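Just below is one structure, and these are the notes that go with it.
Just so it is clear, the structure is predicted and the values come from calculations on it, not from any experiment. Residues take their numbers from the sequence shown, with the count starting at 1.
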Amino acid sequence: MFVSILYVIIGLILLVVGGEFLVRSSVALSFRLKLSRMVIGLTVVSFATSAPELLVSVQAAMNGLSDISLGNVIGSNIANIGLVLGITAIIGPLAIDKDFYKFNWPVMVLLSLALYVVLGNDGVLTQLEGLGLLLSLFVYLFVLIRRARKFSDTMVEEVDDTLQKTSNFKIIIWLLIGASALYFGSELLVNGAETIALKMKISEGVIAVTLIAVGTSVPELAASVIAALKQEKAISLGNLIGSNIFNIASVLGITSLIQPITVKDETLMSVNIYWMLGFAIILLPLAFIPKKMILGRPKGLLIFVAYCVFIALVFMK
């Protein structure tokens, strides 16, 4: 048991390190390819920060642990709102831009509902359905970039300009470190989590929506808390919503193309997916009531308490 916990801890550390190096190398490489800061910020950074979830889900699906693949994404989407957004809003109020309810929020809710419908139909996310999710991501990115061009250089605070001067050698080394850390981190995390689930006689789905989901959301949490403490707007509601969109469309889309995802743990569909939909939908009324376009401390506390209730209920089940 101790060895399995150690595997999980080392796996999580490797995922954080791997994610950081992958973001750096991806951004540096994008500058080399003469992509604009806006395109890098909206696409490259988003893909790179979803890499831990993707690697863990693919690894789990290939090991026949589809509950971990699905639970990881459902749990990560809940954690991004309940844990990351909740804590960030408690530290300092977040301003909500109009783009949130006009574009990003509807896309996230539509994708969440689409996932619920396809899984509720036959309990399997097939390769064709996965391809549909992936294609919807490309449509989303196309519209996102077109919209961003209208509003000039928006939403790219997280792109580090100093990476423009990175040498080719450094980019290659960073890519190798990032890819290796993500691969071995995902392997250790999945294997460790599977053993813990067996030893504690709890389902892989429970481990996935709690331990693994929080673990793969650690980079977003760290970045959000640091930005909130510095009173920077680098992490916005849009970034977290974008992360949830990427989790469903790219992580589950790519994973199901490699290996169709089958629901084994019924709790994922009878309980957890409703929590994911609930956290997604509640953001709209919270954006307007009682104070418009501000996500203040009381709202942040409400979301965070709801997340704590969700975690407690998961283990009580």
Problem - Main-chain N/O of Y183 paired with S186 side-chain donor or acceptor, under 3.5 Å - result: yes
Practice task
May I ask whether F184 and V190 are part of the same hydrophobic cluster, defined by side-chain heavy atoms of I, L, V, M, F, W, Y residues being less than 4.5 angstrom apart, directly or through others?
Solution key: no
Completion exercise
Only one of N247, D67, T255, T216 passes side-chain hydrogen bond (donor to acceptor under 3.5 Å, both in side chains) with N72, and that residue is T216
Practice task
Could you tell me the separation between the CG atom of N244 and the CE atom of M276, rounded to the nearest 0.5 Å?
Solution key: 8.0 Å
Handout entry: Donor-acceptor contact below 3.5 Å, side chain S69 vs main chain S57
Key = yes
Fill in the blank from the handout: CD1 (I68) and NZ (K264) are apart, to the nearest 0.5 Å, by 9.5 Å
Exercise for the section: To the nearest 0.5 angstrom, please state how far the CG atom of L133 sits from the CG atom of L115. Expected result: 7.0 Å
Handout entry: Exam field: side chain E204 to backbone E194, donor-acceptor pair closer than 3.5 Å
Key = no
Exercise for the section: Would you please indicate yes or no on a ring centroid separation below 6.0 angstrom for F310 and F279? Expected result: no
Problem - Separation of L137 CG from L144 CG (nearest 0.5 Å) - result: 10.0 Å
Practice task
Take the angle between the ring planes of F246 and Y140 and call it parallel below 30°, perpendicular above 60°, tilted in between.
Solution key: perpendicular
Exercise for the section: Apply the side-chain contact (heavy atoms from CB on, under 4.5 Å) test between L85 and each candidate in N80, L286, L94; give the one that qualifies. Expected result: L94
Handout entry: Other residues, nucleotides, ligands: >12 heavy atoms within 6.0 Å of I173 CD1
Key = yes
Handout entry: Y307 atom OH: more than 12 heavy-atom contacts under 6.0 Å
Key = yes
Completion exercise
Rounded to the nearest 0.5 angstrom, the CD1-CG distance for I10 and L14 is 7.5 Å
Problem - Distance (rounded to the nearest 0.5 Å) between L134 CG and Q127 CD - result: 12.5 Å
Problem - For Y274, ring pair (Phe, Tyr, Trp, His ring centres under 6.0 Å) partners two or more places apart - result: Y116
Completion exercise
Residues passing the side chain to side chain contact (heavy atoms under 4.5 Å, CB included) test with I196, sequence neighbours excluded, are M1, S4, I5, V8, M200, I207
